[in-house]
Amino acid sequence: MRFRNSSVRTKVTALLLSLAALWAFAAWVTLREGLNLVWVAVYDSGVAQPSETLLVELQRERRLTVVAMGNPSADRGNLRAQRARTDAAAAEFRRLAKGGNVQFAADAVLKRRIDDMIRQLDGLPKNRSLVDGGQSDRSKAYDSYTTVVDSVYRTYDALATLDDKDVARDTRTLIDLSRARELLSEEDALLAGALASGRLTVSERARFTELVGVQRFHKAEAVIALPDSDRAIFERLERGQSFTRLRALEENVMQSSRPGGLPPIGAEQWRAATEPALAELQSAILEAGDRLIERTTPVAAAVIARLLLAGVLGLVAVVASIVLSVTTARALVRQLEKLREAALELANERLPGVVARLAQGEKVDVRAEAPPLDFGPDVIGQVGAAFNTVQETAIRTAVEEAQLRQSIRDILLSLARRTQSLVHRQLTLLDVMERRESDPAELKDLFRIDHLATRMRRNAENLIVLSGASPARAWRRSVPMVDVVRGALAEVEDYTRVTVLPMGQTALNGRAVGDVIHLLAELIENAVSFSPPYTMVQVGGQVVASGYALEIEDRGLGMSPDDLETANQRIADPPEFNLSSTARLGLYVVSRLAERHGIRVSLKASPYGGTTAVVLLPRELVMESGDEHPEQETRPRLDRRERGAREIALVGAPDADPLPVQEVVPVPRAAETPRPAPIAAEPAGPEPPAAFTPSGLPFRVPQASLAPALAEEPKGGAEPEDEEDRSPEDIRKIMGSFQSGTRRGRSEAAKLLGEGEDNL
C-alpha cells in the first residue's frame, strides 16, 4: 500500500532500479555458471587429488590392520610404515582443503563435509591405540576405518552439485566408480584378515558375498553412465586378465561349502589378484577425472564470453531505459503537479469558500466558481478535462446540499413553532380546566394530560434546537436551582422515581433557565429510561470551584468504556446534524444546549453500576442567594408544574419546625395529587408572618391557621379522642381548617409571583 501511494518519481526510480537489479542478476547467474566450471579445477586440486591419495593410504592401512589382528605373531613393521604414510597424506589434505582457494569456492555444504572428514581423521590415533592395546577385535577395527573412508565419499558428494548438468553428471559417475573400488578394497581387507586368522566365519562370508554383489552393481551402473570414450576404456579394463582372475576367486570364496573353515584359496593368491585390479581401477578413475577437467575448461571460456557480451549489451539497454524514463517522467510529473495544485485549490479554498457563502445565504454562480482548466490534448489533458467536470459537479452538489439543509432546518423550525403554539394553547386550556374542576378523579386525569402536553412541548423544543434556533421560553430574573430541577422533573414521564437531594442556596441566571431545564430533562429522561423500573434516580447539586455541579445518577446496566468515550466526545464536540444521526438525538440536543451557554456535560460510570451525568454550570450563570433578595428579585412567575410542586412541599411540611424547601424532597408535579375543593367559608384566624424561605415560599407557623375551636386546649387535661372515634363533622372541620391555611399560603405566594407574570 505504501508503494501504491508513492509519487511518480519514486515509482519510476523503483522501476529503473528493478531493471538494473534484473540485469545484475542475469549477469551474476551467467558469471556464476562460468565460475562453477572454473571451480571444478579448484576442487580437483584442493580436494579431489589429495583425498584420492589419502583414500588409497587409508584402504591399505585398513588391510594391514586386519591382517595383523588376524595373525598377532606377524611382524608389524609394514603397518607402522603405512600409518606414517597415511598421516602424511592426511596432513597434506588438511593443508590444501583449508586453503584460501577451496574455502572461497566451496559452499556451506562442502565446508561442513570437509570439517566432518577432518574430525574423522583426528580420531585415527585413538582407533590405532585400541588396536595396539588389544582392546578392539578385527570387525571393530575394520568398521572404524570404513567410517573414515565414508566421510571421504560424503565430501565427494558435495563436489557433484555444480550448475552445469553435464559436468555434475560426469562427476557423480566418477564418484560411483570410486565407490565401487572402495567396495573392492573392503572385500580385500575382509578376506585378507580371515585368511590371516585361519578361518572365515559365517557372518564374514555373508558380508563378503554382500560386498561382491554391491561392488559389481555400482561398477556396472557407473560404466553405463560414462561418456562413450571413457566407457570403452572401462569395458576393456573389465574384460582384462586382472578382473577376470579376481571374479573367479570371488566365485570360489562365495561357493565354498565349509562354513567357519578356511576359504579354498591362499592369502598370496588373493593378494596377487586384488592388488593389480585395484591399481588398474584407480588409474582409470584418475585419468577419467583429468579428462573431465579438460572438458570443462573450454566450456567455462565460452560461458565467460557470453557473459561479457550479454553484460555489455544489457548495460547499454539499461542506460537507454534510464534516460528515456527520466525524461518522460519529468514531463509527466510537471503536468500532474499542475493538476494537483488545481485540485488542492478547489478543495482548500474555492469549495470551502462556496460552502461558507452559502451558509451566509449568498447566491453562488457555479460556472464562475469552477473555471475550466487546460492541460493539453494528451492523456493528462483528458484527465484535466475530467477534473473540470468533477469540480463543476462538486460545487453544484455543495450548493444543492446547502440549500437542502437550509430547507430542512426551516421545515423543522416551522413545524416546531406551530406545535409549540398549539401545545401552549393546550396547556392554557388545561390550566383553566384544572382550576375549575373539583372532582379528584377527573382532576387527576387532567393533570396527566397536562404532563403529557408538557413533554410534547419539550419535544417541540428539540426540533427548534435541531434547526439551530432558540426556544421561546426565557426568564429575565434568577431562579433558585431547586426550582430549575423541579421544572426539569415536570417534563419527565416517570418523575416519581427521581429523588432530589439538597441543592444549596444557589440560583440560576434567568437567561439560561429554559435551556438548563430542557438539558436536565433530557438527561433525567435517559437515566429513568435506561434503568430498571424498581430503581431510583438521584439528582443532586453543589457549588464547586468553577461553578455549580449537578449530578444525575441512575442504577441501570451502565455503559461500556468505549460507549462512554464516544458519548462524551459527541457531547463535547457536537457534529454537523444530518438526517442519519437519529440514534443519539438526545445527546445532540444536550450538546447544542450546553454549547450555547458554555456548560460542560460529561458521563462517567457510577459506583452502583449505572451511569452518572455531571453537568457543570459556569460561575457566570450561578449566584448565591445571599447576593440578592429572593422575595423581590429572584421570584419570576413559575410553570404550573413548579407551582404544584411548591404547594405540595408547603402542605407536607411538619407543623413543629419550619424547614427550608431545599431540605424537603418534593414531588415534582402536582398532577398526581388533586387539589382539594374550595370551601364556602374560611374560618377566621391570624395571618401568618411575612417570612419566606430562600425559595420564595412562606414559613409555616404551628397552629396559626387553625380554627379557634381546634386551637383551644382540652379541659381537664383530657386526652384527645382517637381518630376512629371522631365524627364526620369533626373531620370536616379539621380538613376545612387545613384547606384554609393552604389557600392563605397560596394567596400570599401569588402576590409575590405577580411581578413575573410576563417572564414565560
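A donor-acceptor pair is defined here as one N or O able to donate and one able to accept, closer than 3.5 Å; such a pair exists between the side chain of Asp554 and the backbone of Thr611. Between the side chain of Arg555 and the main chain of Gly609, no donor-acceptor pair closer than 3.5 Å is present. Asn568 contributes a side-chain N or O that, together with a main-chain N or O of Leu603, makes up a donor-acceptor pair within less than 3.5 Å.
The number of heavy-atom neighbours closer than 6.0 Å to CZ of Arg600, taken from other residues, nucleotides and ligands shown, is 12 or below. More than 12 heavy atoms of other residues, nucleotides or ligands lie within 6.0 Å of CD in Glu620, so this atom counts as buried by the packing criterion.
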inquiry  = Between Arg486 and Val500, is the side-chain contact (heavy atoms from CB on, under 4.5 Å) condition met? List the steps.
reply    = CA-CA 9 Å; Arg486 287 172 180 157; Val500 180; 6.0 Å; no

task = Check the pair Val590 / Asn526 against side-chain contact (heavy atoms from CB on, under 4.5 Å), numbers first and verdict last.
result = CA-CA 11 Å; Val590 169; Asn526 283 343; 5.9 Å; no

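Listed here is the closest heavy atom pair of Leu501 and Gly540: CB-CA, 3.9 Å. Residue Pro532 comes nearest to Arg497 through the heavy atom pair O-NH2, 2.7 Å, listed as atom of the first residue, atom of the second, then distance. What you find for Met481 and Val622 is that their closest heavy atoms are CE-CG1, 3.9 Å. Taking all atoms of both residues into account, the shortest heavy-atom contact from Met503 to Gly541 is SD-N, 3.8 Å. Taking each heavy atom of His597 and Pro618 in turn, the nearest pair found is O-CG, 3.6 Å. Nearest heavy atom pair, residue Val601 against residue Ala594, reads CG2-CB, 4.0 Å.
Using modelled atom types, one finds no donor on one side chain facing an acceptor on the other under 3.5 Å when comparing Thr612 with Glu551.
Contact annotation: the side chain of Leu593 never approaches that of Ile599 to less than 4.5 Å [non-hydrogen atoms, C-beta and beyond].
In this structure, Thr535 OG1 and Glu553 CD are separated by 10.5 Å, a value rounded to the nearest 0.5 Å. Rounding to the nearest 0.5 Å gives a distance of 10.5 Å between CD of Glu522 and OG of Ser591. In this structure, CG in Leu523 is found 10.0 Å from NE2 in His518, a value given to the nearest 0.5 Å. To the nearest 0.5 angstrom, Thr566 atom OG1 is 8.5 Å from Gln569 atom CD. In this structure, Thr496 OG1 and Met536 CE are separated by 7.0 Å, a value rounded to the nearest 0.5 Å. Put simply, OG on Ser529 and CD1 on Ile524 are 11.5 Å apart, with the number rounded to the nearest 0.5 Å.
With respect to Leu520, the side-chain contact (heavy atoms from CB on, under 4.5 Å) criterion is satisfied by exactly one of Val539, Asp515, Val484: Val484.
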